[in-house]
Amino acid sequence: MKHFPFTLSGRAGVVAATALLLNACAPAQDTPTPTTGIDLSHYLAVGDSYTAGLSAGGLTRTSQDYSFPNLLAQQFALASGGGSFVQPTLEAGTGTGYFSLLDYTATGLPRTRRVAGAAVRRTVVNPTACGGPDTVRLFTRSATAGALPQNLGVPGLRLSQIEVAGLGNETNATPGGAFNPYFERLLPAADSRTYLGAVTTAASSATFFTFFQGLDELMPYIRSGGTCGSVSLALADPMKTNARKILDVLTANGHKGLILRLPDIRTLPLLRQGQGKSVEARLQAFYKDKATIYIESPFAPGTSQPITEEDYILATALPRVGQLTPVQVGGSTLMLPYGRDERNPLRNADVLDKVSELNVLTGIVTAYNAGSTNPSRPLILSLESLAKLYKMPVVDPSVSLYTVDTGALFANVGNSVAIGGVVYSSEPVRGNFFSLDYYTLTPRGNALLANTCITAINKAYQANIPAIDVNRLPTTAQ
Amino acid sequence: MRQPLLFLIPVFCGLTASSALASGYDSGPQGARVLGLGGASTAYINSIAGLSTNPGLLGQWADSLTRVSIGGIGQVRRGSFVGQDTYQRTDQELAVQPGGYLYATHALNKRVALGLAITTPYGYHTKWPSTWEGRSVIQESQLSTYFVQPTVGIRLNDNFSAGVGFVYAFGKYTQRRALGQYDDPTAQTQLSASGSGFGVNAGLYGRSGDNLSFGISYRSSVQLKMNNGTLTTTGVPARDASVAPASSDFTTRISMPSTLSVGIADHITKKLLLTFDFSLSGWSAVDSLKLSVAATGSTPARNQSSVRRYEDALSFRIGSEYQVSPKLTLLGGFHYDETPVRDEYINPEFLDANRVGVSAGLSYQLSTRLALEGAYSFDYGQLRTARVSQVDEKVANVAGTYRIAVNTASVGIAVAF
């Protein structure tokens, strides 16, 4: 009887044939072919902190790499028609300074410290700024300053400043001067161009844009607990007017793009973490008592009132709530828990109260996003009305929206969402969406925002742009 | 020698080649010969492997012979996935789920026979690449079960027999998934548990004339009580050490469904036998995978739940056996299995779909006492689309389309002396 020649090569062949047989048996599936639907070869991103990729209070090379416009551009490139995307990147390993996690307080709140950035070349201190001395940091100039980059996101840029000449000129870097150091590094030295002027120049060669701007108009006021600057509902009109100036430029010649609405500010962890009654309950559970939280009355200075569900303590102030602080009561000084005693209420600068501050802010955002048009001022239009005016396509057929509703994303994250088995929430650090400044996003948060934009583009322009596997990205940009 | 094999690949993969029975994590017919028959063995007495399907058959072997049947089973259950939004395709890695069977029957007298069945009726091994899109839902999961079933069969008269078996089941469950909330790609959590449970199996067999016979059987559901589980996590940063301790104990319960089967077998000609089976599996016993995790250090006790919500499922099987020569018997089968997994709860830990399958096998009589048996079966699943509500953070899942194919092979020997 002849035996099968079970040599080494013969065995290898059997193994190979078996492996091939079994591997060939993985059931096949077709994958969709990525397409763009429209010309995405030259994408221009216009906006403020979010667009620039600010994360944990500063820009780093990494945070820029994970800015939502850069992530979008990378996905565009996967579909045919995607071109290069030039960002005003910092040198690798440098940054403008950022917050890093120090530890958790006993009540479970993250504490941060500021890490200095290597890209800072000069500082200007304004000792008399509202809310205490303010430091303006100037940064190394972007290598793209000769020709403008495609990511024109400028952290801290207010819509009201888009026509301020010299906003990016170092000669205005004086205490109290109208100056934005992030804009300065985008421009050549001693360039007095306005932001609108820069957008006009850059838009001439763009084929597609995203516009996500306006929140930084409100952030200084929010961060100061409503103590710096004055904000009223009437602010919505100049914001709309200036948004229109930029959008008129971006949509000229029928250029396509996406207009992003502003999220509800209450979904930002800066406020959401400090929702009055839930903080009160958390602290009561921690201290095992029934103490009410009191805030300064916005209308009767010097008096206290119990906090309500719609008064928001700034997240930056939360670690101090309940700490013993000296208070003058009658003639003596008592050590009383901050905020947890009627005689030691939370200071106005630590709280956005419902009536005089929060309702105004949310009213502005609502009006700016999709408020109705005042017949007596027909040229002042909300983002939604502008999108219709420019005949932009519907980005969300289920609710007939012409603008991208970032608020839905932020609200969902606030209630926790599961993406591929990973839970995202509005809690900084563990929530993986918001960064440690309680406002801007982590790389994964940016990717979720980019995916929201991709969904909108795919619906609006019948495109097939693949989304990002969010969980693959880092959780911090530092 | 090798090349002639390669051309068979498209035959196996494209068309079909054979089938296993069973829906859910049923691992198919427990025996080479019944595998070739497509599992339609409720009224099939030509192999004692029918013992695990229908104890009522046992009385039919109450003759002077002692029968033993032993063999091995290998099952490859493989799926592919295409992300709904990412368009990325991922194929499951090759993982062979081993199985096997041992049957023995011996008659005490002309009326009563004893039998023993040791089988591996439920199990799966799911293995995804560790970096795939759903890595935080599941990377690898394996369930193996072993059923030991001592059985008593009674021949009621020439045409009827009945049997009842007692089932002792032992099972082992392991699972591994990434902790995608951390940057460390090796951060993961692993589960490992084993336990046992009991059940009963009873059946009837009857014959009208020489050509037509029928069977009916019921096997109760079996719940494996796993009280020795260990949950370990690795790669968790220090700040979350209190949230996810390195090691905790847990308990869980894993259920196997009850099965009600009816079947007929008909000798169309002297050489050709056709069998038909229809069965209902009570998968609704599987509601969710609940872990009761014990307190560890400062971490309090907690419950984890992963929703399954299986529903009862039907399957339909046809088998045929043709005696080519006194020594060689060929087997063929076809089956359709309904899946217990609802659309809303498709989960990559265990993929399943409505499946059609075909099978082929043979039995070769080496001597009057010894037969060699072999069979192969191929199942192809319907495309399944998993939609995910991100807002429902309790249901961990990944949206996309899934398809599975199941290859099962078995070889064994049957001895009668």
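Sequence lines set the chain letters: A, B, ... in the order given, protein chains first and strands last, and positions in each chain run from 1. Just so you know, these numbers come straight off a predicted model, no measurement behind them.
Your options are B:Thr131, B:Asp240, B:Val243, B:Leu179, and the one with the most heavy-atom pairs under 4.5 Å with chain A is B:Asp240. Among B:Gln84, B:Arg89, B:Glu133, the residue making the largest number of heavy-atom pairs under 4.5 Å with chain A is B:Arg89.
At a threshold of 4.5 Å between non-hydrogen side-chain atoms, the residues B:Val82 and A:Pro32 count as touching.
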Salt bridge (Lys or Arg N to Asp or Glu O under 4.0 Å) between A:Asp469 and B:Arg135, worked out: CA-CA 11 Å; A:Asp469 180 2; B:Arg135 62 197 168 279; 3.3 Å; yes

Steps toward side-chain hydrogen bond (donor to acceptor under 3.5 Å, both in side chains) verdict (A:Thr475, B:Gln181): CA-CA 8 Å; A:Thr475 59; B:Gln181 63 267 47; over 6 Å; no

Candidate pair B:Tyr87 and A:Thr33, rule side chain to side chain contact (heavy atoms under 4.5 Å, CB included), full reasoning: CA-CA 8 Å; B:Tyr87 307 165; A:Thr33 310; over 6 Å; no

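Residue contact with chain A, scored on non-hydrogen atoms closer than 4.5 Å, involves the backbone of B:Ile404 exclusively. The contact between A:Arg444 and chain B is made entirely by side chain atoms (from C-beta outward), counting heavy-atom distances below 4.5 Å. Looking at A:Asn432, only its side chain comes within 4.5 Å of chain B, counting heavy atoms on both sides. For chain B, the nearby part of A:Asn458 is the side chain; its heavy atoms alone come within less than 4.5 Å. Only the backbone of A:Ile468 comes within contact range of chain B, with at least one heavy atom under 4.5 Å from a heavy atom of that chain. Both the backbone and the side chain of A:Asn471 come within contact range of chain B, each with at least one heavy atom under 4.5 Å from a heavy atom of that chain.
What you find for B:Ser80 and A:Pro27 is that their closest heavy atoms are OG-O, 2.8 Å. Contact between A:Gly420 and B:Ser136 at its shortest, heavy atoms only, is O-CB, 3.4 Å.
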